Amino acid sequence: MRWSKPRPLAPPSGRLSRGRLVPAALAFTASILLASTLLLNSSPEEKRITIYSNAANYSLPVLERNGDEYIGLLEVFEPLGSVNAKTNGPHWKFRYYDIDSDFTAGKTRARIRGSDYDLPASFLLENGRGLVPLSCLGTLMPRILGGPVTFNQNSRRLFVGNVAVHFTAQVSKTTPPKLVMNFTAPVNPMIATEPGKLRMAFNHEAVVAPGSQALTFDSKVIPDATFRENNGAAELVVAATVPLIASFANNGRTIIIEPVPQTVVPAPTASVPRPPASVSIAPPAPSVPSNIRRYFAVVDPSHGGDERGASLTGQLAEKDVTLAFARVLRQELNNRGIPTLLLRDGDSTLSLDQRASLTNSARPAIYICVHAASQGNGVRVYTALVPTQAENNGPFLSWDAAQTAFQLLSRAAGNGLVAELHNKQIVARSLIAPLRPLNNITTAALALEIAPPSTDVDQLNSPTYQQSIAAGVAAGVADVRSQLEAAR
Amino acid sequence: MIPRHLIIAVAILLAITLGMSLYVWRMRGRVDRIEVSATDTQPVAPPVAGASEQVTLYVAYDDAGVLRPKPVRIPLPVGRQERAAEILRALLPIYEDQFSPHPLARGSEIRDVYLVDPGLAVIDLNAAFADNHRSGVLVEELTIVSLVQSLSANIPGITRVKILVEGRDRDTLAGHADLSNFYDVPAVTQVVAQLQNAQ
């Protein structure tokens, strides 16, 4: 079971009464025991090497033998082409296509392509598995492959041929500023945010540093970024004075990082209902005054990239309709003073987990996922059917049931949208659906399924039709703004 | 000079080779035809022997986007697990009919139903069911809710349902409705109540 971030601590109370003292003491003892168990069971991170090539990018475990780092030679070459190995006593004969190599257990001298080759440490033979010192890969692999290999031994990243992915990073002079990163190949990093930082982990992409590992920008909001390589992976950490959100464009070749939209709203008065204790509240960014609450919407055009969604007609794919509608909806929400972010603003592939992670880390007031269908007519507004076996445990939220605490809020928002669409004479219906990532979202979450107004499915792509629905949806979101703000 | 008996032997061998080639060529075409026919329409379960009983199927209607109960009489075996499979299979002729209110692709089958745990039912669909299913949130939800509700309404004691495809976990039915989690019967009943009201 996956777990999302822990809930914020309960609001501070006054003095503990005697009735609450015993449970508090028990909880304290349990937390000490849990922490001790975790510390005792924690093991150091497994050492790995990542190999990037045109054939495949793969990661292998590094073994410790006699104080040196070793790697299985067969495993290194297996994804690259035809290999086989034979053991004959202490001799280990290795063949890559028609290139023969001969290694001897306990010896440093080997023969490759008929010539002698000296290993920096002894060759090891374990149950028919040939192990070579890791440090020799930079010279051993070119001999066998017959082509160039670049090996960064400190970070344990090995590049076979010209496979490195380069990137440029530039902060625009717009307000707010945007960090636009263009890569030479599509990338799909794991993205995480924390106060003052946005981290992108490139676990499977051959991304390399652009000259210097420290990047500085002429921006007070996004002043710098740092590129690091360690244990077979690369990481780019973008520093900022405000919370950031990332979005993908250009088929995954461009990542745009920008500040989470902020609007100034009046400080809550006594008459405004307070949020329930279980509702997450975004930690205030260092530079954001306390009377500013971030109120914005995230709109998620479903599908995209390789995933076309439903084929609505012979030419019309769901992913194109959802993107077109999402752009119209963003404009309508912006017109009503609700800043809006699109999770994708191009034809890029995003997994459901990525969509949920990006949304949860941005902490919007509402998440709206857009779908389109050829069946039926009008608009269907869905809230999550949360799996009940995935229960939240204490301060930890189950990934599959993260929406639980927000279901009432989501349904209230959904009903508001349906009422507003009815006011605009648009057929609309409120339903519950088993539709991810709604159940993974930690804020009010809705999905819209837009169906054509009549039997003519091509009308789904009509700007007029999309505009009328988007106006109704945006008006509905504006109507429930006070409820959404009260819950933040 | 080549001996006469050698010439005769070579001629016989050539004739046999030619004959075998023609035979294999003809058989290959026949196997193709049999395979296409089997994957499209052949049932995967034997006919059922048992007394006819009345059950309530929950049938999806795409036009109104609703689910409606439909009493039918079908022969049901004695075993609880076999009954569960037959109840779901009774939905397929309705959905595969030419005038179906919620068409499923030909070849869609319920491979099996397993009652593996007190309260847990596992429905195993064949690949054609999921691979050829129409894509859309509502259309996929109607199929799943129709299966879960028809099963739980007629087999007492089922509280959770898991749906597999060809015995394996699958993320979604056809790109939308989630198959990675278990379906809780009380929650599905709540969805059914919503889906019984036309828009």
Side-chain angles (χ1 to χ4, degrees), chain A residues 1-2 302-303 307-312 317-319 351-353 369-391 398-401 407 411 418 421-422 426-440 447-451 455 457, chain B residues 60-67 100-104 117 119-120 132-149 159-163 169-199:
Chain A
M1 183 173 287
R2 293 167 291 173
S302 65
H303 311 292
E307 203 209 323
R308 286 171 52 84
S311 290
L312 302 170
E318 185 183 1
K319 67 172 185 174
S351 71
L352 295 174
D353 283 343
C369 175
V370 181
H371 288 270
S374 54
Q375 305 92 13
N377 59 12
V379 182
R380 296 182 280 267
V381 180
Y382 297 97
T383 52
L385 177 68
V386 178
T388 51
Q389 86 282 2
E391 290 173 354
S398 158
W399 181 246
D400 289 325
Q407 271 181 303
R411 284 179 194 166
V418 169
L421 288 165
H422 284 160
I426 296 169
V427 176
R429 192 179 178 197
S430 183
L431 292 164
I432 300 170
L435 182 67
R436 287 195 62 214
L438 289 183
N439 53 310
N440 310 124
L448 308 175
E449 187 175 39
I450 303 158
T455 52
V457 180
Chain B
Y61 291 81
D62 289 343
D63 286 348
V66 296
L67 202 67
S100 167
H102 177 74
L104 290 185
D117 188 284
L120 173 63
N132 302 328
H133 198 284
R134 291 168 300 147
S135 183
V137 182
L138 183 61
V139 77
E140 292 174 43
E141 181 180 28
L142 282 170
T143 299
I144 288 173
V145 173
S146 168
L147 293 174
V148 174
Q149 190 66 9
T159 56
R160 288 189 305 153
V161 177
K162 171 73 180 164
I163 298 176
D169 247 328
R170 185 169 164 131
D171 287 341
T172 63
L173 181 58
H176 296 88
D178 183 25
L179 294 189
S180 64
N181 281 303
F182 288 72
Y183 280 90
D184 186 54
V185 168
V188 170
T189 305
Q190 196 185 346
V191 175
V192 171
Q194 277 191 330
L195 287 171
Q196 286 183 330
N197 300 317
Q199 59 186 6

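Labels below follow one simple rule: chain letters A, B, ... track the order of the sequence lines, proteins then strands, and each chain is numbered from 1. Quick caveat: nothing in here was measured; it's all calculated off a predicted structure.
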(request) Please report the closest heavy-atom contact between A:Glu449 and B:Leu138, naming both atoms and the distance. (result) OE1-N, 3.3 Å
(message) Heavy-atom cut-off 4.5 Å, strictly under: side chain, backbone, both or neither for B:Glu140 against chain A?
(response) neither
(request) Any chance you could lay out the side-chain contact (heavy atoms from CB on, under 4.5 Å) test for B:Asp171 and A:Leu352, step after step, and finish with the verdict? (result) CA-CA 10 Å; B:Asp171 287 341; A:Leu352 295 174; over 6 Å; no
(request) Measure from the side-chain N and O atoms of B:Arg134 to the backbone N and O of A:Gln375, and report whether any donor-acceptor pair falls under 3.5 Å. (result) no
(message) Quick check on A:Leu385 against chain B: is it the side chain, the backbone, both or neither that has a heavy atom closer than 4.5 Å?
(response) side chain
(request) State, to 0.1 Å, how close B:Ser180 and A:Arg436 come at their nearest heavy-atom pair, and which atoms those are. (result) OG-CD, 4.2 Å
(message) Using every non-hydrogen atom in the two residues, find where B:Glu141 and A:Pro434 come nearest and quote the distance to one decimal.
(response) OE2-CD, 3.6 Å
(request) Report the distance from atom CG of B:Asp178 to atom CG of A:Asp400, rounding to the nearest 0.5 Å. (result) 7.5 Å
(message) At a heavy-atom distance under 4.5 Å, which candidate from B:Asp62, B:Val139, B:Thr172 has the highest pair count against chain A?
(response) B:Val139
(message) Given heavy-atom pairs under 4.5 angstrom as the criterion, report whether the side chain, backbone, both or neither of B:Val191 touches chain A.
(response) side chain
(request) Take A:Arg380 and B:Val137, measure what side-chain contact (heavy atoms from CB on, under 4.5 Å) needs, and give me the verdict at the end. (result) CA-CA 9 Å; A:Arg380 296 182 280 267; B:Val137 182; over 6 Å; no
(request) Heavy atoms only: give me the nearest A:Ser430-B:Gln194 pair and the separation to one decimal. (result) O-NE2, 3.7 Å
(request) Taking all heavy atoms of A:Gly309 and all of B:Ser135, pick out the closest pair and write down the distance. (result) C-OG, 4.3 Å
(request) Kindly give the heavy-atom pair with the smallest separation between B:His176 and A:Leu435, and that separation in Å. (result) O-CD1, 3.5 Å
